[in-house]
Structures are given as C-alpha cells and as structure tokens.
Amino acid sequence: LFGEVNQLGGVFVNGRPLPNAIRLRIVELAQLGIRPCDISRQLRVSHGCVSKILARYNETGSILPGAIGGSKPRVTTPTVVKHIRTYKQRDPGIFAWEIRDRLLADGVCDKFNLPSVSSISRILRNKIGNLSQQGQYESGKQAPHPPPQPALPYNHLYSYPTSKVPNPPGMPTLPGHMAMHRIWPSSHSVTDILGINIQLDQ
DNA sequence: CTCGTTACGGTTGAT
DNA sequence: TCATCAACCGTAACG
C-alpha cells in the first residue's frame, strides 16, 4: 500500500516483488502475443522488470519471484542432519546438548563446525518432525505442515496451458501436469491457476 | 524504438 | 531473543 510511483505511473514497493497478479498478467499478455514494450506501457511496469519476469518464466516456468532472505546452512549440513536424525531415532528422548556431544565424539563435527544447541533444536523441530517413520533418504525438506505442492527447489514450476508460445528448448513443463483450462485474466484466478498458496495481496 | 543488462537503494529471513 | 549478511527485489539508465 505504501509505494512509490515509477516513470510510467505505476506503483511499486522498493525492495519488494511485484504482486503475483501483475506478474501473472505480464505472462498472460505475452502469451497473447503482446510485445514486451507494450506490456510495459499497459501495466506501467519498467521494461527491465517485464524482461526479467518473462525471461524467468520461460526458463523455469514460474511466475513467482525468487526466494528472498534467509541463509545457507553453515554447520548444519545435510550430513550433519542425517546423523542427528539417526541419534534421535535410536533415542527419541535424547536432548539437544547430548546430540551435540555425540556429534563431536563421533567425529562428525569438530569444535569449529559444531552446531549450537539451538541449531540442533531447530533441526529437530523443523527437519525432523515426528520421528515415526520418515525415509532414510537424503534431500528432503520436510515441512511439518507442508503446503500443498511438493517442496521443489524454491520456485515450483508452473506450466502454462496450451503449449504454444513459450515452451522453449528448455525444460519447463513440469513432470506431472494436467492440462489447464484456458482462461483470461481475472486476478482472482491466480490461485486456481497456480494451485497453491499464494497471497495476491497484503 | 526495443530490449538485455546492471548499479543502485531497498527488504527479507534462516542461521 | 536478536543481529548478520547474502540472497532477491524493481527502477532507471546505458547501450
């Protein structure tokens, strides 16, 4: 709601992504064959931004902005997480500080890359929910209350209806994907189209 | 005129 | 709980 106005008269919030509804319209108009420069003028979004969103869309298939903020794991590497999971499985009542001691004792970590107790607690809470069963596998970012769609990288892909314009020699169209109905704009259709948790506004 | 790129001033969020 | 800091943001401007 607090925004600045760009040279084209459009409203934007510095540092924040454009609303999904607008991102979607950019892609839709392009799909309709409208030139990027015209989309820029019609929607009052800088052409640089239109260019970026369209480029991102046709290489990832997603209209969503990239993941902002956060940090890369430092000491809590996948290997460490795996060990923590094992300790917890073998002794569900184990304390975080005990896990910490074990990581050191077992030589999984040295005193410089040893996770803090609060890091371990967070891992236990976030990455290892109910230890009930859980695959022994690597990867997995398992959210306790997982949002509908799978936890793909960061942007889950979003493939568009009728193949046609942008199915470039890339890899877009995600694996399982239903055919979608043809719809034009209407901002409230975004969630339907994406089929996921997206807040259009705020 | 169109559009790819990028400096800039900004915000975010997992560690 | 709180700060850090590298990730991303859109605009403006250059070419």
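All chains are named by letter (A, B, ...) in the order of the sequence lines, taking the proteins before the strands, and each is independently numbered beginning at 1. Bear in mind that the values here come from a model prediction, so they are computed numbers and not experimental data.
Of the side-chain N and O atoms in A:R74, none sit less than 4.0 angstrom from OP1 or OP2 of C:dT4. Remark: A:R41 is in phosphate contact with B:dT2, judged by side-chain N or O atoms under 4.0 Å from OP1 or OP2. For C:dC8, the OP1/OP2 oxygens have no side-chain nitrogen or oxygen of A:R16 closer than 4.0 Å.
Rounded to whole angstrom, the span from the CD1 atom of A:I68 across to the C1' atom of B:dG10 amounts to 11 Å. Remark: C1' of C:dG10 and CG of A:L54 are 15 Å apart, rounded to the nearest angstrom. Whole-Å rounding puts the A:D38 CG to B:dC1 P distance at 12 Å. Taking atom CZ of residue A:F12 and atom C1' of nucleotide B:dT11, one finds them 13 Å apart after rounding to whole Å. Atom CD of A:E4 and atom P of C:dT11 are 10 Å apart (whole Å). The distance from atom CG of A:N14 to atom P of C:dG10 is 10 Å, rounded to the nearest whole Å. We find that NZ of A:K72 is positioned 6 Å from P of C:dA7, with the value rounded to whole Å. Computed from coordinates, the A:I39 CD1 to B:dT2 C1' distance equals 13 Å when rounded to whole Å.
Of the candidates B:dC3, C:dC9, C:dT11, C:dT11 carries the atom nearest the A:V45 side chain, counting heavy atoms from C-beta on. Among the nucleotides B:dT2, C:dG10, B:dT12, the one closest to any side-chain atom of A:L18 is C:dG10. With distances taken from any side-chain atom of A:P36 to the nucleotides B:dT15, B:dC3, C:dC9, the minimum falls on B:dC3. Nearest nucleotide to the side chain of A:S71, out of C:dT11, B:dG13, C:dC9: B:dG13. Among C:dA12, B:dT2, C:dC9, the nucleotide with an atom closest to any side-chain atom of A:P17 is C:dC9.
Contacts between residues 102-115 of chain A and DNA chain B, defined by a heavy-atom separation under 4.0 Å, are absent.
Judged as a side-chain hydrogen bond (donor to acceptor under 3.5 Å, both in side chains), the pairs with a partner in residues 109-118 of chain A (not counting sequence neighbours) are, in order, A:S116-A:S118, A:S116-A:S119.
Within the nucleic acid shown, A:S119 has no heavy atom closer than 4.0 Å to any nucleic acid atom. Residue-level contact check: A:R35 touches the backbone only, with heavy atoms under 4.0 Å from sugar-phosphate atoms and none from bases. Residue-level contact check: A:C49 touches the bases, meaning some heavy atom is under 4.0 Å from a base atom.
Panel note: side chain A:S121, backbone A:V117; a donor-acceptor pair is recorded below 3.5 Å.
Under the rule for a salt bridge (charged side-chain N to carboxylate O under 4.0 Å, His left out), A:R44 has no partner lying at least two apart in sequence or in another chain. Listed by chain and residue number, A:D38 satisfy the side-chain hydrogen bond (donor to acceptor under 3.5 Å, both in side chains) test with A:R35 (two or more places apart in sequence, or in another chain). Every residue was checked against the salt bridge (charged side-chain N to carboxylate O under 4.0 Å, His left out) condition with A:R100, not counting sequence neighbours, and none meets it.
Shown are A:L43, A:V27, A:V45; of these, the side chain to side chain contact (heavy atoms under 4.5 Å, CB included) with A:V50 is made only by A:V45. If you run side chain to side chain contact (heavy atoms under 4.5 Å, CB included) between A:I120 and each of A:V80, A:L103, A:V75, A:L114, only A:L103 comes through.
Inter-residue side-chain proximity for A:Y57 and A:Q31 is flagged as met; some heavy-atom pair is nearer than 4.5 Å. Between A:L24 and A:P19, every side-chain heavy-atom pair lies at or beyond the 4.5 Å cut-off.
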Pairs: protein N or O with nucleotides 13-15 of chain C N or O, under 3.5 Å:
from, atom 1, to, atom 2, distance (Å)
C:dA13, OP2, A:Q7, NE2, 2.7

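Map A:S51 and A:G15 each onto its nearest nucleotide of DNA chain B; the residue landing nearer the 5' end is A:S51.
Rounding to the nearest 0.5 Å gives a distance of 10.5 Å between OG of A:S51 and CD1 of A:I39.
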